[in-house]
Amino acid sequence: MLLSLLLSLVSGCEKTAVPYVKTSFALDTVVQVTVYDKKDEAAALKALDYCRTAEKTFSMTDPESELYRLNASSGMPVQVSDELYALLENCLNFSELSDGAFDITLGALSSVYAFSGSVHRIPDEQERAGLLSRAGADKISLGAENAVFASSGTVIDLGAAAKGYIADRMKELLISEDVRHAIINLGGNVLSIGGKPAGKASVPFEAGIAVPVPGRSNEVLLTVSLTDDSLVTSGTYQRYFEQDGIRYHHILDPKTGLPAENGLASVSVCCRQSESADILSTACFVLGEEKSAELIAKLDFPVEVIFVNDQLEITRIHN
Ligand code: AMP
Ligand code: MG
């Protein structure tokens with residue numbers, strides 16, 4: 001979908017830049033590395049290998065993952081890897097900055113909806129209240145020496161942040177292998193290394209933001225120029241199911257336990273770090289335009305947020 005769209009945009013016309021592309025399936029999505037300036041494919045293969053390894057850290061559903069073990073800890077402290085600890089720490093930080101709109105403890109609730117599964121259920125108000133009482137950043141505490149304490153019954157879901165974290169590590173890995181011009185695409189979560197070579201110089205990569213409508217998401221609504229930046233989109237068209245004519249999408253409002261409803265169809269965030277872009281696209285989707293502006297004003301790095309509403313009207317804000 002967005003993947004092929006983006007690649008057609010970035011690989012099509014430059015005579016001087018003939019990239020090679022390595023594709024794999026991981027993180028429940030298509031993962032692709034496109035390298036422009038190195039003929040040796042080993043770097044891209046290493047980055048894809050890392051991506052598959054990282055799944056064993058951050059997956060909520062894989063019984064062999066580190067996160068799964070943390071979620072099964074029944075309230076006992078668990079010592080986790082530096083990677084998991086670092087991501088949890090940043091997520092909790094954004095939870096606070098977003099006034100709880102970004103919340104990695106909604107795992108029990110999102111598992112009931114089962115957006116990625118085949119059997120969906122909509123929890124009623126009473127069940128939602130019960131599930132929400134097990135959520136909230138205060139249910140997790142981080143201690144010395146990578147110790148993590150998660151309350152019994154609290155299920156951590158890093159689905160809104162892990163792809164960004166992993167993309168940043170893949171970028172570091174590629175750079176350490178001397179790659180200077182590349183695109184990492186984790187199912188539409190895009191991160192660039194440098195720009196696209198054009199003769200002796202380079203030009204920005206152009207990444208597409210999809211029309212956020214089911215069945216039309218292979219159409220480009222607008223493009224964003226990226227040089228060393230990431231572009232991540234959260235949208236109602238990405239994971240959802242329909243029941244009784246209502247679309248239930250996967251971005252949940254922690255206040256209600258229901259899919260966030262504020263007239264938005266997608267929110268894209270462009271900034272240097274893919275981890276931040278991933279977290280912020282989810283957070284800003286829940287917050288809506290006004291409160292998102294307050295959130296990004298608090299950040300000490302440049303961010304652009306692109307809102308697309310149900311009428312496909314576009315609003316762009318930056319800090
Ligand atoms: P994204 O596609 O990055 O916006 O992430 C959405 C995924 O994050 C969902 O499929 C859930 O697993 C999880 N999620 C849903 N709502 C929230 C929220 N308010 N804060 C953090 N994670 C969420
Ligand atoms: Mg996200």
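Atoms within each ligand, like the ligands themselves, are counted from 1 in listed order.
Taking only nitrogen or oxygen atoms, main chain and side chain alike, T233 does not reach within less than 3.5 Å of ligand 1.
For atom 20 (N) of ligand 1, the closest non-hydrogen atom on the protein side is D103 N, 2.9 Å. The protein non-hydrogen atom at the shortest distance from atom 22 (N) of ligand 1 is A160 CB, 3.4 Å. Nearest non-hydrogen protein atom to atom 12 (O) of ligand 1 is D157 OD2, 2.5 Å. Protein heavy atom nearest atom 14 (N) of ligand 1, with residue, atom name and distance: H250 O, 4.2 Å. Looking only at protein heavy atoms, the nearest one to atom 1 (P) of ligand 1 is T282 OG1, 3.3 Å.
Annotation for ligand 1: atoms under 4.0 Å from non-hydrogen atoms of S234 are 1 (P), 3 (O), 4 (O). Atoms of ligand 1 lying under 4.0 Å from any heavy atom of D278, numbered from 1 in the order shown and given with element: 3 (O). For ligand 1 and V286, the ligand atoms under 4.0 Å from any heavy atom of the residue are 19 (N). When each atom of ligand 1 is checked for a heavy atom of F102 under 4.0 Å away, the hits are 20 (N), 21 (C).
E172 has a carboxylate O that lies under 4.0 Å from a charged side-chain N of R169, or vice versa, which qualifies the two as a salt bridge. Taking a cutoff of 4.0 Å between a charged side-chain nitrogen and a carboxylate oxygen, K46 and D49 do not qualify as a salt bridge.
F241 and H120 have parallel rings, their planes meeting at less than 30° on a 0 to 90° scale where 60° marks the start of perpendicular. Under the 30°/60° scheme for interplanar angles, the aromatic rings of F205 and Y36 are found to be tilted.
A donor-acceptor contact closer than 3.5 angstrom links the side chains of S274 and N189. Counted by atom type alone, S116 and R239 present one or more donor-acceptor pairs between their side chains at under 3.5 Å.
Within the 4.0 Å heavy-atom criterion, the part of L106 lying near ligand 1 is the side chain and not the backbone. With a 4.0 Å heavy-atom cut-off, ligand 1 is reached by the backbone of L252 and by its side chain too. By the criterion of a heavy-atom distance under 4.0 Å, the backbone of A101, and not its side chain, is placed next to ligand 1.
Protein atoms that are N, O or S and lie under 2.8 Å from the Mg ion (ligand 2) are these: A160 O, D278 O, D278 OD1, T282 OG1.
Summarising the local packing, CG of D99 is surrounded by 12 or fewer heavy atoms from other residues, nucleotides or ligands at distances under 6.0 Å. Q243 CD: more than 12 foreign heavy atoms inside a 6.0 Å radius.
Between the side chain of S95 and the main chain of F102, a donor-acceptor pair closer than 3.5 Å is present. Judged purely by atom type and a 3.5 angstrom limit, S192 uses its side chain to pair as donor or acceptor with the backbone of D228.
Of all heavy-atom pairs between A26 and R52, the closest is CB-CG, 3.9 Å.
In the hydrophobic clustering of ILVMFWY residues, with side-chain heavy atoms under 4.5 Å counting as a link, I104 and L132 come out apart.
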